[in-house]
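In what follows, a single structure is set out as structure tokens and then discussed.
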Amino acid sequence: MTRAWEADSSAVFHRRLGKSASELGTTNGRDGCPEIWELDNGDIAVIGRDLTDDYRERLPEGVVMRSDERLVILPGAMLSSAKPDIPDARP
């Protein structure tokens, strides 16, 4: 089955959206650090805690995760700090 959208693994990191985990105080600098990045093709990369197995059986109705997708959690403050960097939706 062909997907309407496919991730491009050749895209490179372009710019961080919002503040770093260090700036937000959500890391101790030794463990992993959540991040939100815009790629050079306009797609968004999210680094966060993989909780796919914890959520897979309790997804909201109509939400489907394919076997090659992961549900990633990041601090709410991180997404809020990225808001000024995220353009408004286009019609």
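The analysis underlying the following values was restricted to heavy atoms, covering all of them including side chains, and did not include hydrogens, waters or symmetry mates.
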Check this for me: Asp88, atom CG, are more than 12 non-hydrogen atoms of other residues, nucleotides or ligands nearer than 6.0 Å?
no
On a heavy-atom basis, the closest approach of Arg15 and Glu38 is NE-OE1, 2.5 Å
Close side-chain approach of Leu24 to Ser81, heavy-atom, < 4.5 Å:
yes
Heavy-atom closest contact (Met78 atom, Lys19 atom, distance)
CE-O, 3.9 Å
Please tell me if the side chains of Asp85 and Lys83 come closer than 4.5 Å, counting only heavy atoms from C-beta onward.
no
Smallest heavy-atom separation, Ile36 atom then Ala82 atom, equals CD1-CB, 4.2 Å
Side-chain heavy-atom pair Cys33, Ser20 within 4.5 angstrom cut-off:
no
Considering all heavy atoms, the nearest Leu79-Leu74 contact:
N-CD1, 4.5 Å
Going only through I, L, V, M, F, W and Y residues with side-chain contacts under 4.5 Å, is there a path from Leu17 to Ile73?
no
For Arg66 and Arg56, work out which heavy atoms get closest and say how close.
O-NH1, 4.3 Å
List, one per line, each side-chain donor-acceptor pair under 3.5 Å for residues 40-54, sequence neighbours excluded.
from: Asp40; atom 1: OD1; to: Val12; atom 2: N; distance (Å): 3.1
from: Asn41; atom 1: OD1; to: Asp43; atom 2: N; distance (Å): 2.9
from: Asn41; atom 1: ND2; to: Asp43; atom 2: OD2; distance (Å): 3.4
from: Asp50; atom 1: OD1; to: Thr52; atom 2: N; distance (Å): 3.0
from: Asp50; atom 1: OD1; to: Thr52; atom 2: OG1; distance (Å): 2.6
from: Thr52; atom 1: OG1; to: Leu71; atom 2: N; distance (Å): 2.8

